[in-house]
Protein chains: 2
Amino acid sequence: MAWDAWGDPAKATELSPTLLALVQDLFKVSADDVPSVARDEVRLTPSALTADDLAALEAVVGTEHVTTADDQRLPRAGGKSTLDLLRRRSSAEQHAPDVVVAPGSDDEVLRLLNICTERRLAVVPFGGGTSVVGGLDPLAGGLRGVVSLDLARFDTLEALDETDLMATLGAGLSGPRAEQLLAARGYELGHYPQSFRYATIGGFAATRSSGQDSAGYGRFDDMVRGLRVVTPRGVLTVGRAGAKNAAGPDLRQLFLGSEGVFSIITAVTVRVHRLPETKVYEAWRFPDFATGAAALRAVAQAGTGPTVLRLSDETETSLNLATVEDAGAGAESGGCLAITAFEGPAELVEVRHAATRRLLERHGGTSLGPEKGEQWAEHRFDGPYLRDPLLANGALVETLETATRWSNLLGLKQAVTDAVTAGFAAVDSPALVLCHISHVYDTGASLYFTIAGGQRGDAIEQWSAIKRSVNDALMAHDGAITHHHAVGADHRDWMTDEIGAIGVDVLRAVKTALDPAGILNPGKLLP
Amino acid sequence: MAWDAWGDPAKATELSPTLLALVQDLFKVSADDVPSVARDEVRLTPSALTADDLAALEAVVGTEHVTTADDQRLPRAGGKSTLDLLRRRSSAEQHAPDVVVAPGSDDEVLRLLNICTERRLAVVPFGGGTSVVGGLDPLAGGLRGVVSLDLARFDTLEALDETDLMATLGAGLSGPRAEQLLAARGYELGHYPQSFRYATIGGFAATRSSGQDSAGYGRFDDMVRGLRVVTPRGVLTVGRAGAKNAAGPDLRQLFLGSEGVFSIITAVTVRVHRLPETKVYEAWRFPDFATGAAALRAVAQAGTGPTVLRLSDETETSLNLATVEDAGAGAESGGCLAITAFEGPAELVEVRHAATRRLLERHGGTSLGPEKGEQWAEHRFDGPYLRDPLLANGALVETLETATRWSNLLGLKQAVTDAVTAGFAAVDSPALVLCHISHVYDTGASLYFTIAGGQRGDAIEQWSAIKRSVNDALMAHDGAITHHHAVGADHRDWMTDEIGAIGVDVLRAVKTALDPAGILNPGKLLP
């Protein structure tokens with residue numbers, strides 16, 4: 001990925017004239033006011049590691065897998081949140097990990113953790129580099145330096161059992177590479193978060209990720225049957241027998257979502273499914289968000305089995321920001337756009353589609369046919385490319401997400417919208433707040449917000465203040481601090497509100513048991 | 001429940017002449033050789049608590065909720081495993097908790113835990129008293145005495161939200177009482193383990209229970225959205241927003257299955273569903289267990305949506321032990337009997353039934369029509385009543401269960417059968433080993449064994465030896481130490497094999513953080 005932007009530099013895009021004019025007129029901004037830093041101007045903090053440190057690391061993984069080169073450290077300096085991008089673009093002085101190390105086996109990881117414990121070096125695991133919550137911030141936590149532990153060499157399909165429909169995937173496999181290896185055998189994982197093209201299997205597990213097909217294939221944590229993790233205390237495999245059991249608390253759930261603070265995840269055993277025989281899309285229009293949300297609730301609670309089920313609010317529908325090409329061009333129809341998809345054996349797709357259609361119609365939906373659904377699928381990973389030219393032209397753009405029970409959904413949506421609007425108003429900017437539901441459960445759903453306003457002064461400070469007030473609003477209105485972006489550095493101050501002081505103490509106790517020296521990803525997850 | 005037998009004394013049953021003859025002839029046993037103890041012969045260990053201890057407990061909950069009376073302590077002396085029943089029946093000297101205390105609020109529970117911490121008293125939470133793994137053994141763990149903490153007063157439907165389909169149930173509600181309260185509002189939980197008539201909501205959560213409708217409504221842990229727990233450190237509510245999220249590890253999963261060693265669960269928030277409009281049963285015959293298991297796997301992996309899906313092996317089918325009345329009478333047909341049920345809105349039941357039928361037929365099943373399914377449903381909770389007259393007539397009878405991935409299922413079944421057969425052969429008894437699959441997952445399934453042989457000498461020693469060899473076989477053949485009976489005292493020695501030494505250390509760290517004095521259910525779960 002580009003060091004200061006999302007994704008493939010070849011796919012970088014410009015704003016359409018319509019959207020550029022809208023941004024300039026509405027937000028009163030200009031590209032001239034936005035700081036930028038060319039890559040060759042960047043001055044990285046020199047590596048704090050000694051020659052002796054490096055020799056010790058090299059003795060484990062070989063010299064070719066240890067580097068302090070700036071061009072390797074800079075891309076691992078952070079993730080892809082707007083804060084990350086603003087940090088990259090606003091100052092020539094950049095902070096980065098002191099060394100990048102790429103182990104090739106569990107044993108090498110364990111030996112590295114031992115060395116880092118002895119030498120008091122922090123370890124930040126690195127997969128696809130797509131964190132949007134500061135999960136990759138190179139924080140030393142009072143230790144002597146920061147090691148970026150790159151999982152790229154854990155890149156194989158270790159096992160696939162076609163009877164059990166279970167596969168063991170190396171933690172460093174990217175989404176596309178994992179799917180490619182499975183597809184060659186006729187199988188699919190079916191986990192498609194927007195970060196899919198870059199994010200890794202280990203990252204999906206560490207962040208309790210959820211993908212766009214979660215209605216049908218579940219969240220990533222639903223897919224996991226086992227994990228192999230390396231802690232400073234040793235290697236642990238959780239989930240031995242491949243079926244649920246009652247042998248005490250489910251330890252898999254303690255490593256899922258642990259964001260590198262308990263262990264380095266090196267392999268994940270997941271359920272897979274046969275490549276779908278059929279895929280059917282259908283788009284729907286609802287008169288308003290409340291009606292659409294009630295329809296989605298009916299489908300989720302009846303369990304009629306769509307693979308994809310999502311609903312854009314009126315603003316998102318009208319701005320059409322879901323696709324890069326048509327962004328800002330306006331929608332053909334008013335109301336709220338919903339997308340459904342159905343995948344699997346043809347005979348099951350047919351009955352699931354029919355049962356879902358009946359419910360959506362009964363709840364006020366009007367079918368728009370397949371085209372808008374297919375269009376959504378084609379462009380489903382492109383959204384993040386829009387943020388870069390928006391930021392460069394003076395807009396302040398970010399996404400954030402939460403989840404709550406159905407009965408609280410509309411109130412929470414309003415509370416977040418109010419907090420964002422007030423935050424921008426405080427610096428004399430209007431705000432656009434777009435929202436969609438993309439993950440549904442029987443008892444609740446996610447809300448995903450795309451937020452835009454004008455940059456005013458120090459955009460890092462500006463966004464940090466807005467984000468704080470949104471997080472406070474989430475806590476006050478019974479929203480989760482995060483639905484699928486995870487905690488990282490950016491949400492950790494709200495974890496005590498989220499899980500209680502006793503809950504935090506429990507996680508700290510686990511941390512201390514596994515990582516007594518506190519080398520693993522300090523400053524993340526735990527407040 | 002009867003102090004020395006399963007369930008309602010009014011429902012105690014005798015063996016049919018056929019079954020009695022079978023037991024006597026096959027196992028070479030007689031009721032004359034079986035020890036028995038009348039209730040008025042029982043001499044309970046006197047309470048170890050001082051008047052000062054009792055006054056301190058009474059100051060919290062009131063004198064009417066504290067008792068050391070033998071007739072209250074004896075029914076809380078253990079659960080309902082065969083070991084428990086043999087202990088009750090084989091000796092007049094009985095060990096029991098020193099006092100029974102029934103708090104009425106979270107605050108009272110917290111104050112009791114503080115008193116027990118100060119006075120070094122162990123606390124064994126008591127719900128329905130149905131543990132079959134020694135979860136209720138009154139072990140003091142080196143402390144001064146044992147308090148049986150009865151949750152019976154946590155007996156209300158605290159909340160029901162009809163939009164979210166979520167209910168908060170007091171931990172002391174029995175299965176039937178919880179369903180009655182929900183049914184009055186038009187809803188159902190749908191959790192029907194064989195212990196349903198006595199077991200409680202808190203017990204279901206603490207043991208990670210799974211019910212007979214798990215194919216459709218999920219395991220109990222699938223149903224839970226939140227828990228309120230009282231630890232010696234304070235009250236903690238986990239699962240705030242009602243939808244899944246990515247706010248670190250899912251702490252609900254640390255309290256589910258924690259068997260009273262981390263906390264006292266006082267309330268559980270669960271998803272509920274509307275009372276089903278339709279229920280349809282259909283029984284099937286498969287030529288053999290392997291064919292039937294492959295058919296169940298096809299249904300579980302396709303997700304066609306049966307509520308109940310179970311398969312008896314040839315021996316269980318032929319002995320027909322699933323119902324009390326027909327037990328031992330022989331089956332009409334050979335092969336293996338399978339039961340399916342479908343519940344919900346009529347239109348969904350129809351499509352789910354049709355899709356499931358197609359798969360079962362394609363995989364070698366022959367429909368037997370609805371009757372045997374309806375008959376199974378009618379008698380689904382009666383099985384345990386058969387054990388008591390079998391034990392009294394000299395048979396050694398118990399159930400045990402495990403789970404594994406599909407590809408390992410037949411091998412594991414054989415390994416358990418071999419271990420049981422060898423264990424009985426060692427004391428010169430034939431053995432009957434019946435097995436069924438009653439919980440299916442996409443990647444694996446449970447195996448539930450009903451085992452019978454002849455009592456020889458000290459039946460407690462005899463069964464303990466067989467059980468040890470079965471547990472070792474489970475570990476050697478990649479079976480879970482338990483699928484839904486939990487760990488308790490009886491499986492704890494295998495927990496290091498099950499979750500690894502590091503996994504055990506993690507659970508111990510959590511225990512120490514929440515219960516530093518170690519008062520909560522000592523001797524259970526953690527090896």
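In what follows, chains are A, B, ... by sequence order, proteins preceding strands, each numbered from 1. Remember, it's a predicted structure, so these values are computed and weren't measured experimentally.
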Which answer fits [X], side chain, backbone, both or neither, if we ask what part of it has an atom under 4.5 Å from a heavy atom of chain A?
X: B:D222; value: side chain
X: B:A445; value: backbone
X: B:R492; value: neither
X: B:M475; value: both
X: B:R219; value: side chain
X: B:S407; value: both
X: B:E498; value: both
X: B:V238; value: neither
X: B:R297; value: side chain
X: B:H485; value: backbone
X: B:L474; value: backbone
X: B:L514; value: side chain

Please classify the contact of [X] with chain B as side chain, backbone, both or neither, using a heavy-atom distance under 4.5 Å.
X: A:L507; answer: side chain
X: A:V261; answer: neither
X: A:R271; answer: both

Notebook entry, point to check: After noting the C-alpha distance and the side-chain angles of B:D497 and A:R240, does the key distance pass the salt bridge (Lys or Arg N to Asp or Glu O under 4.0 Å) rule?
Noted result: CA-CA 10 Å; B:D497 289 330; A:R240 33 186 299 283; over 6 Å; no
Next item on the list: Can you check whether anything in residues 241-257 of chain B gets within less than 4.5 Å of chain A, heavy-atom wise, and list it by number?
Entry: B:A241, B:G242, B:A243, B:K244, B:N245, B:A246, B:A247, B:G248, B:P249, B:D250, B:L251, B:Q253, B:L254, B:L256, B:G257
